[in-house]
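Take a look at the structure set out below.
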Amino acid sequence: MDIKQYLDSTYLKTATQAGLSEAENIIVVKKNIHEAIEEQFKLIMIRPNMVSLAKKMIIAADSSLQIGTVIDFPEGKSNVQEKLKEAIQAINDGADDLDFVCNYEAFKRGELDLVKNEILKCTQLGLENGKVVKWIIEVAALDDKQIIQLSAFIKNCVISNFKQELCPSVFVKSSTGFYKTENNLPNGATIPSIIMMLENASPLPVKAAGGVRTYEEAVEMIRLGVKRIGTSSAKLIANGQNSSSEY
Ligand SMILES: O=C[C@H](O)COP(=O)(O)O
């Protein structure tokens, strides 16, 4: 098993978030894309406005690196038309994976029809274009019951409305990595949250994202059963693999 094939190497900071100029931030994005090509990661996960750039670099390098991008990131509050518009642009620019932020706040308010509608329409758009779709539920914003309920809700929406053979292309994903918690609590993929997702999203696969920093943490997530790991520490994790004989 090659751990690199689980890694969605992620760089999602805007220039402002990185404390850089736009030009400097593009240099960092390019460095991340170049590194993902060199390291033969599964995928580079970047903001939508960087997808065309990644596509050009990947074609120029004759690489099989895939491109993922985030839709309605990081809050997931936009209406379904805006989510679809952003996703169509990303598809046209060359994205392979579409990681949608679910309107988890609407789910918490009990607006289930709204959430179901966005899951069905956006998933359909992705699948009919041959894309992988992921639904980010932002576990740090949810209590345990809500993690269980939202994972099961997404699963039920997908398995009742799409062909069974398409289910492996629709993930439930833990976190954006950008959620601000009170008292600096973990804002990403904790082991208990991932276990709850795995138990309730199956047969949909789970992506652990947010706070996965080391080879050991990545291996633990894979042992639990996740099929993808989104991390801004992909190179560090891959280097950890090189220094261990475990896999
Ligand atoms: O999947 C996406 C996350 O933004 C990655 O979070 P991280 O920076 O904690 O690895």
Side-chain angles (χ1 to χ4, degrees), residues 3-20 25 28-29 31-33 35-36 39 41-51 54 65-76 86-87 90 95-102 104 131-142 147 151 154 170-181 184-194 197-198 201 204-222 224 226-241:
I3 201 167
K4 291 181 178 182
Q5 284 303 305
Y6 285 81
L7 297 179
D8 288 359
S9 179
T10 302
Y11 184 79
L12 294 170
K13 284 184 185 159
T14 61
T16 311
Q17 287 164 337
L20 300 172
N25 204 38
V28 178
V29 172
K31 183 173 165 284
N32 275 269
I33 297 167
E35 184 180 284
E39 295 282 339
F41 294 136
K42 169 97 183 163
L43 178 144
I44 182 78
M45 175 65 58
I46 43 183
R47 291 261 180 176
N49 60 339
M50 300 292 168
V51 170
L65 179 71
Q66 295 182 330
I67 304 169
T69 196
V70 286
I71 306 294
D72 200 12
F73 193 84
E75 293 192 326
E86 197 178 350
D96 300 292
D97 286 23
L98 304 168
D99 290 23
F100 293 90
V101 184
C102 177
Y104 57 88
K131 307 301 174 189
V132 170
V133 171
K134 311 194 195 90
W135 285 99
I136 304 174
I137 64 170
E138 200 68 291
V139 292
L142 309 176
I147 293 172
S151 300
I154 294 169
V170 187
F171 284 66
V172 181
K173 170 176 169 182
S174 60
S175 319
T176 61
F178 285 77
Y179 186 75
K180 299 275 175 261
T181 55
N184 277 333
L185 291 168
N187 73 346
T190 63
I191 287 177
S193 64
I194 291 296
M197 291 171 64
L198 286 162
L204 304 190
V206 168
K207 173 175 168 178
V212 183
R213 300 266 178 272
T214 66
Y215 174 72
E216 288 72 22
E217 287 167 351
V219 166
E220 180 61 17
M221 291 295 174
I222 293 165
L224 289 173
V226 308
K227 298 295 184 215
R228 293 275 195 99
I229 296 170
T231 176
S232 53
S233 306
K235 191 166 182 186
L236 203 70
I237 290 170
N239 287 340
Q241 176 178 29

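Throughout, numbering of the chain's residues begins at 1 and tracks the sequence. Owing to the predicted nature of the structure, the values given are computational and were not obtained by experimental measurement. All ligand and atom numbering here is 1-based and tracks the order in the structure.
- Under a 4.0 Å heavy-atom criterion, R213 is in contact with ligand 1.
- Of the heavy atoms in M45, none comes closer than 4.0 Å to ligand 1.
- Using a distance-only test at 3.5 Å, with no hydrogens or angles considered, no donor-acceptor pair links the side chain of D99 to the main chain of I136.
- Without hydrogens or angle criteria, K4 side chain to E39 main chain gives a donor-acceptor distance under 3.5 Å.
- Looking at K207 next to ligand 1, no N or O pair under 3.5 Å apart turns up.
- Residue F73 has no nitrogen or oxygen atom sitting less than 3.5 Å from a nitrogen or oxygen atom of ligand 1, judged on distance alone.
- Contact analysis leaves S233 out of contact with ligand 1, as no non-hydrogen atom separation drops below 4.0 angstrom.
- Near T231, meaning under 4.0 Å from one of its heavy atoms, ligand 1 places the atoms 10 (O).
- Residue G188 places every heavy atom at 4.0 Å or more from ligand 1.
- T176 O, 3.3 Å is the protein heavy atom nearest to atom 3 (C) of ligand 1.
- Side-chain N or O atoms of S193 include none that pairs as donor or acceptor with a backbone N or O of A189 at under 3.5 Å.
- With atom 7 (P) of ligand 1 as the reference point, the heavy atom nearest to it among S232, A234, G177, A189 is part of S232.
- Not one N or O on the side chain of N187 forms a donor-acceptor pair closer than 3.5 Å with the backbone of K180.
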